[in-house]
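Here, residue 1 is the first one in the sequence, and each next residue gets the next number. Bear in mind that the values here come from a model prediction, so they are computed numbers and not experimental data.
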Amino acid sequence: MSAINFYISVVVPVYAGKAYLDRLTDAVEAVRKQWDERAYPMRITELIFVDDGSSDGSEDVLRRLDAHDWVKVITLSRNYGQHAATIAGISYSTGDWVFTIDEDLQHKPEMFFGMLQECVRDSSDILYAKPKAWVHKSVFRDVSSRSVKWLLARLSNNPNIRNFNSFRLMRGNIARTAAAISSHESFFDIVLGWHSTRVATLEHHMEDERYTQENVSGYNFRKLLSHSRKLVMTSDARLLRGFGLLALILFLFCIVFGLLVLVQKVVFPASITVQGWTSLMLVTLMTGSVLSIILSVISEYLSNLVQHMNGKPSFTIVDRSRDAELRAFFEDHTATQRTD
């Protein structure tokens, strides 16, 4: 029997999961037993539920599930939201790798093996399960979510934003470091990106049962706007730099155009049929461009202060030396599967 050298934590924020928690635990336990029976070098050592102020009876189910020695239940004093609950669960995790999944079974534990395999193949630190199709079966929810992510990814020049979702795999020390510095206004996935740019994706079919069965969700338009605001506020100042560059170009244009008008006034005064309008427009544009430059500098300065307050680190240390062992296991496993 192979030695267990890698420990896996699974974090699940819970808000309205009474109908799903037993099935979710059974699904994770099935994967856990399968790995043990096949003597894999990794084991799911803890399933961490974070009770985020649930009011649907989830607390009673969690109290019963807590009887399992590998299940942990963390209870928050009130509802803080999915991001905060996820961060709390990660903070209490101990695994070499940490999965975060939703409570409603749209994220299948059967994907854990493939996600871990994909992550260690190139020694990535973060992996997102990428939906193959619409997830929520709500046109507004799916279109608005994808549109906002696409727009922010383009404006901030951060392509990973398009893949952000709550089905993640993270290297344990990076996940806990990111959780430790995340504040109330932090967008957790942006904070993760401060610690590593080695981000991978793996396509996976997801379906939100809340829409197909109950037509309800823990999210509404206000919460989606709040998430978008946090994402923008946590992101860096590349967008602000773009506005500052545009203002600088406009300022230079005003100077060049002003010189041309001055030459025209001196050399060809008769060609100017209307007096004053050109000068007025130039002064207005130049004043506006100068104010825009000043505001962009102030905005970038404030952005740097916000990121400093959010704990953006100067560097992060990571140890990927043990990936070779897992990579060798997955290569052997793949070769064996092909032979069989």
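- Pro313 and His195 make their closest contact through CG-CE1, 3.6 Å (heavy atoms, listed as atom of the first residue, atom of the second, distance).
- With respect to the salt-bridge test (charged N to carboxylate O, under 4.0 angstrom), the residues Arg171 and Asp125 qualify.
- For Glu29 and Arg32, the salt-bridge test fails: no basic side-chain N is under 4.0 Å from an acidic carboxylate O.
- Distance check: Asn5 CG to Leu326 CG gives 8.5 Å after rounding to the nearest 0.5 Å.
- From Asp51, atom CG reaches atom OG of Ser77 across 10.5 Å, with rounding to the nearest 0.5 Å.
- In terms of modelled atom types and a separation under 3.5 Å, the side chain of Ser93 and the main chain of Gly95 share no donor-acceptor contact.
- Put simply, the side chain of Arg322 reaches to within 4.5 Å of the side chain of Asp96, judged on heavy atoms.
- Counting only heavy atoms from C-beta outward, the side chains of Thr86 and Val50 never approach each other to under 4.5 Å.
- One distance of note links CD of Glu203 with CD of Glu118; it measures 10.5 Å at 0.5 Å rounding.
- Side-chain contact between Met42 and Trp97: absent, with no pair of heavy atoms (C-beta onward) separated by less than 4.5 Å.
- Between Gly17 and Asp56, the shortest heavy-atom distance links the atoms N-OD2, 3.3 Å.
- Of the N and O atoms on the side chains of Thr334 and Gln117, at least one donor lies less than 3.5 Å from an acceptor on the other residue.
- Here CG of Leu252 is found 8.5 Å from OG of Ser289. Values are rounded to the nearest 0.5 Å.
- A side-chain donor-acceptor contact under 3.5 Å links Glu103 to the backbone of Ala16.
- Taking each heavy atom of Leu76 and Ala88 in turn, the nearest pair found is CD2-CB, 4.1 Å.
- Looking only at atom types and distance, the side chain of Ser183 has a donor-acceptor partner in the side chain of Ser186 under 3.5 Å away.
- Using a 4.5 Å cut-off on side-chain heavy atoms (C-beta onward), Ile48 and Ile90 make no contact.
- Side chain to side chain, Thr201 and Asn163 fail the donor-acceptor criterion of an N or O pair below 3.5 Å.
- Between Arg63 and Glu59 there is a salt bridge, since at least one side-chain N of the basic residue sits less than 4.0 Å from a carboxylate O of the acidic one.
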Practice prompt. Show your reasoning for whether side chain to side chain contact (heavy atoms under 4.5 Å, CB included) applies to Leu21 and Leu62.
Written response: CA-CA 8 Å; Leu21 296 176; Leu62 292 176; 3.7 Å; yes
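- There is no path of hydrophobic side-chain contacts, each under 4.5 Å, that joins Leu260 to Leu285.
- Contact check for Phe329 versus Val120: no side-chain heavy atoms found under the 4.5 Å cut-off.
- Closest of all the heavy-atom pairs between Pro109 and Val28 is CG-CG2, 3.8 Å.
- Hydrophobic clustering keeps Val283 apart from Leu291 (ILVMFWY residues linked when any side-chain heavy atoms are closer than 4.5 Å, directly or through intermediates).
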Worksheet item: Passes side chain to side chain contact (heavy atoms under 4.5 Å, CB included), Phe167 versus Gln106? Steps please.
Response: CA-CA 9 Å; Phe167 196 4; Gln106 65 170 291; over 6 Å; no
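- By the 6.0 Å contact criterion, CZ on Phe257 is open, its count of non-hydrogen atoms from other residues, nucleotides or ligands being 12 or less.
- Side-chain contact between Asp52 and Gln82 is absent, with no heavy atoms from C-beta onward closer than 4.5 Å.
- Taking every heavy atom of both residues into account, Leu192 and Ala178 meet most closely at CD2-CB, 3.8 Å.
- No side-chain donor from either of Asp122 and Ser124 sits under 3.5 Å from a side-chain acceptor of the other.
- A donor-acceptor pair under 3.5 Å is absent between the side-chain atoms of Asp102 and the main chain of Asp104, judged by distance alone.
- When Leu24, Ile101, Val10 are each tested for a side chain to side chain contact (heavy atoms under 4.5 Å, CB included) with His107, only one passes: Ile101.
- When side chains are defined from C-beta on, Leu116 counts as touching Ile8, because their heavy atoms get closer than 4.5 Å.
- One distance of note links CZ of Phe99 with CE of Met111; it measures 9.0 Å at 0.5 Å rounding.
- For Asp60 and Lys18, the salt-bridge test fails: no basic side-chain N is under 4.0 Å from an acidic carboxylate O.
- Taking hydrophobic clusters as Ile, Leu, Val, Met, Phe, Trp and Tyr residues chained together by side-chain heavy-atom distances below 4.5 Å, Val256 does not share a cluster with Leu248.
- In terms of heavy-atom proximity, Cys119 sits nearest to Leu169 at CB-CD2, 3.8 Å.
- Aromatic ring orientation, Tyr40 versus His333: perpendicular (interplanar angle above 60°, classes split at 30° and 60°).
- Using a 4.5 Å cut-off between side-chain heavy atoms of Ile, Leu, Val, Met, Phe, Trp and Tyr, with links allowed through other members, Ile317 and Met170 fall into different hydrophobic clusters.
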Practice prompt. For the pair Ser196 and Thr316, evaluate side chain to side chain contact (heavy atoms under 4.5 Å, CB included) and give the outcome as yes or no after the intermediate values.
Written response: CA-CA 8 Å; Ser196 177; Thr316 301; over 6 Å; no
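- Here the CZ-CG distance, from Phe164 to Asn160, works out to 6.0 Å after rounding to the nearest 0.5 Å.
- Listed for the Thr100 side chain is a donor-acceptor partner under 3.5 Å among the backbone atoms of Ser166.
- Residues Val11 and Tyr92 have side chains not in contact (no heavy-atom distance under 4.5 Å, counting atoms from C-beta outward).
- Side-chain rings of Phe113 and Phe330 approach one another, their centers coming within less than 6.0 Å.
- When the side chains of ILVMFWY residues are joined at heavy-atom separations under 4.5 Å, either directly or via intervening members, Val318 and Val191 end up in a single hydrophobic cluster.
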Fill in: Residue pair Arg43, Trp70: steps toward the side chain to side chain contact (heavy atoms under 4.5 Å, CB included) verdict
CA-CA 11 Å; Arg43 170 183 288 173; Trp70 61 285; over 6 Å; no
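- Residue pairs meeting the salt bridge (Lys or Arg N to Asp or Glu O under 4.0 Å) criterion with at least one member in residues 66-94, sequence neighbours excluded, are Glu46-Lys72.
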